[in-house]
Amino acid sequence: MRDRIRRVFEVPPVDAVLAGVVSVAMVGPTLVPYVQPWWGVSLAVLASVPVLWRRAALLTSGLVVGTATTLLTISYPALPHSIVLLFLPLGALVWTYTFAAAAIPPPLRVTIIVVQGTAVMLSLVLPGENLDTFRYVVTAFVAAYAAGVGTRARDAQRAAERERAWRLEEERAAAITHERTRIARDMHDIVTHSVGLIVVQAEAGASVVQRDPVRAGAVFETIAATGRDAVTQLRLILGTLRGPVTREPQPGLDAVPALVTQARQAGLDVALEEHGTARALTSAAEVAAYRIVQESLTNALRHSRGGVRVLLEWADDTLTVQIAGGGGASTRRVREGHGILGMRERAAACGGSLRIDPGGFTVTATLPTG
């Protein structure tokens, strides 16, 4: 209640000046060429001063101003022609402009227009005003209402522009978040896979050098190739952080055989099988399939001691990617960290799904084709 009262009395300076000008213009004709009865001056005051609160109390101020203006024009004594020209219902005109500019439900707006129109007609018909006065007053009210409608339209346009700008900013923030998440996932996949292969090869390198120098050379070459590939992919990813660049195509299904070869060179017993007729995949599904195989082989290198099978099975509208194995692996449940979470997000992002067995060593992703 206190806030409402405070809002009523907190009047912008422009509104205060406008209300003062309207009050002088409305009360002045009641004081010349001679002082009118007290009720005439009072009606003039009520027809002008409430304009001061037309924003805070639109309906109340309109009721007071409209009623006072109607009574004043009906009961006011005949004035000289020069005084009649000065006596315009300025308070009602200012309120009409404010009413037209305000956002009001259509049913209420129509009701107020009908009531106000009726009051204006009574103010003209009952005193027996001539046709010129009719045109004069009606034109003034129509112009005030049209000006208010124009202001409301401009306010609506500015609000729509602000809403559009806010939505664009939200979309931009969402796009930035999505890109950061993508970069984080890619970096995780690249680093964990490459470093995992390098660590496995390096740990085996010391013993292989003594037992089989020829094989040791292949091991070190694998380490070098894995490192070069990781550096190349990281350079492409980090390049996007420096500004708009032409994004290089990311690896897809055609790079899966190379992943399997790398895993074999790292000592993992892995086989690649493909069943069915290959169909077109979206770029997101291509990358998802590649990254899911990559992350699964990395996990197998860490945890599995048995053979692993990578299966690509094509159906009419889906591709099933399954990485199964883990014979001799630990039976404890694998904790779902960033890698598994990233696989789930990649599958979901392209409209697919991902399932992991309780042991964590069989990953099945179903991705849509087309």
Study note, to complete from the structure: Going by chain and number, the hydrophobic cluster around Leu108 (ILVMFWY, side chain to side chain under 4.5 Å) further includes Leu58, Leu59, Trp95, Phe99, Ile104, Ile112, Ile113, Tyr145, Val149

Check your understanding: So, for Ala285 and Pro368, which heavy atoms are closest and what is the spacing to 0.1 Å?
Key -> CB-O, 4.2 Å

Check your understanding: Quick one: do Val138 and Val125 end up in the same hydrophobic cluster if we chain Ile, Leu, Val, Met, Phe, Trp and Tyr together by side-chain heavy atoms under 4.5 Å apart?
Key -> yes

Point to revise | Within-4.5 Å side-chain heavy-atom neighbours: Ile292 and Ile323 | key: yes

**Study point:** Shared hydrophobic cluster for Val142 and Val65 (ILVMFWY, side-chain gaps under 4.5 Å)
**Key:** yes

Point to revise | Rounded distance (nearest 0.5 Å) linking atom OG of Ser42 with atom CG of Leu71 | key: 12.0 Å

Exercise for review: List the steps, then state whether side-chain hydrogen bond (donor to acceptor under 3.5 Å, both in side chains) holds for Arg154 with Gln157.
Suggested key: CA-CA 5 Å; Arg154 289 190 294 273; Gln157 182 178 5; over 6 Å; no

Check your understanding: Is Glu163 salt-bridged to Arg167, cutoff N-O under 4.0 Å?
Key -> yes

Review point. Does Val64 offer a backbone N or O that forms a donor-acceptor pair with the side chain of Thr67 under 3.5 Å?
Key: no

Practice item. Verify, without hydrogens or angle tests, whether Thr139 (side chain) and Tyr136 (backbone) share a donor-acceptor contact under 3.5 angstrom. Key: no

Exercise for review: Identify the two heavy atoms, one from Ser48 and one from Ala44, that lie closest to each other, and give their separation to 0.1 Å.
Suggested key: OG-O, 2.8 Å

Check your understanding: Backbone N or O of Ala103 within a donor-acceptor pair of the Arg152 side chain at under 3.5 Å?
Key -> no

**Study point:** ILVMFWY network linking Val287 to Val293, side-chain heavy atoms under 4.5 angstrom
**Key:** no

Exercise for review: Starting at CD1 of Ile340, measure out to CD1 of Ile356 and round the result to the nearest 0.5 Å.
Suggested key: 4.0 Å

Exercise for review: Output, in order, the C-alpha distance, side-chain angles, deciding distance and verdict of side-chain contact (heavy atoms from CB on, under 4.5 Å) for Tyr290 and Leu253.
Suggested key: CA-CA 6 Å; Tyr290 175 86; Leu253 281 179; over 6 Å; no

Practice item. Scan Thr70, Val137, Thr96 and name whichever one has a side chain to side chain contact (heavy atoms under 4.5 Å, CB included) with Val120. Key: Val137

Review point. Salt-bridged, Arg158 to Asp155, with N to O below 4.0 Å?
Key: yes

Exercise for review: Look at the side-chain heavy atoms of Ile, Leu, Val, Met, Phe, Trp and Tyr, link any pair under 4.5 Å apart, and say whether Val256 and Leu297 land in one connected group.
Suggested key: yes

**Study point:** Pairwise distance CZ(Arg291) to CD(Glu345) - rounded to 0.5 angstrom
**Key:** 14.0 Å

Review point. What are the two closest heavy atoms between Pro50 and Val45, and how far apart are they?
Key: CD-O, 3.6 Å

Exercise for review: Answer yes or no: does atom CZ of Arg355 have more than 12 heavy-atom neighbours from other residues, nucleotides or ligands under 6.0 Å?
Suggested key: no

Using distance only, find each side-chain donor-acceptor pair of residues 308-321 under 3.5 Å and give its atom names and separation, not counting sequence neighbours.
{"unit_1": "Arg309", "atom_1": "NH2", "unit_2": "Gln322", "atom_2": "OE1", "d": "3.3"}
{"unit_1": "Trp314", "atom_1": "NE1", "unit_2": "Glu274", "atom_2": "OE2", "d": "2.8"}

Point to revise | Leu354 vs Arg346 side-chain heavy atoms within contact, under 4.5 Å | key: no

**Study point:** Minimum-distance pair of heavy atoms, taken over all atoms of Ala288 and Cys350
**Key:** CB-SG, 4.3 Å

Check your understanding: Just by distance, do the side chain of Arg54 and the backbone of Gly62 share a donor-acceptor pair under 3.5 Å?
Key -> no

Point to revise | Interatomic distance, Leu124 atom CG to Thr73 atom OG1 [nearest 0.5 angstrom] | key: 7.5 Å

Review point. What are the two closest heavy atoms between Val270 and Arg264, and how far apart are they?
Key: O-NE, 2.9 Å

Review point. Does one hydrophobic cluster hold both Phe141 and Phe134, with members joined at side-chain heavy-atom distances below 4.5 Å?
Key: yes

Exercise for review: Report the distance from atom CD of Gln116 to atom OG1 of Thr118, rounding to the nearest 0.5 Å.
Suggested key: 10.0 Å

Review point. Please walk me through it: do Thr60 and Trp53 pass side-chain contact (heavy atoms from CB on, under 4.5 Å)?
Key: CA-CA 9 Å; Thr60 302; Trp53 301 288; over 6 Å; no

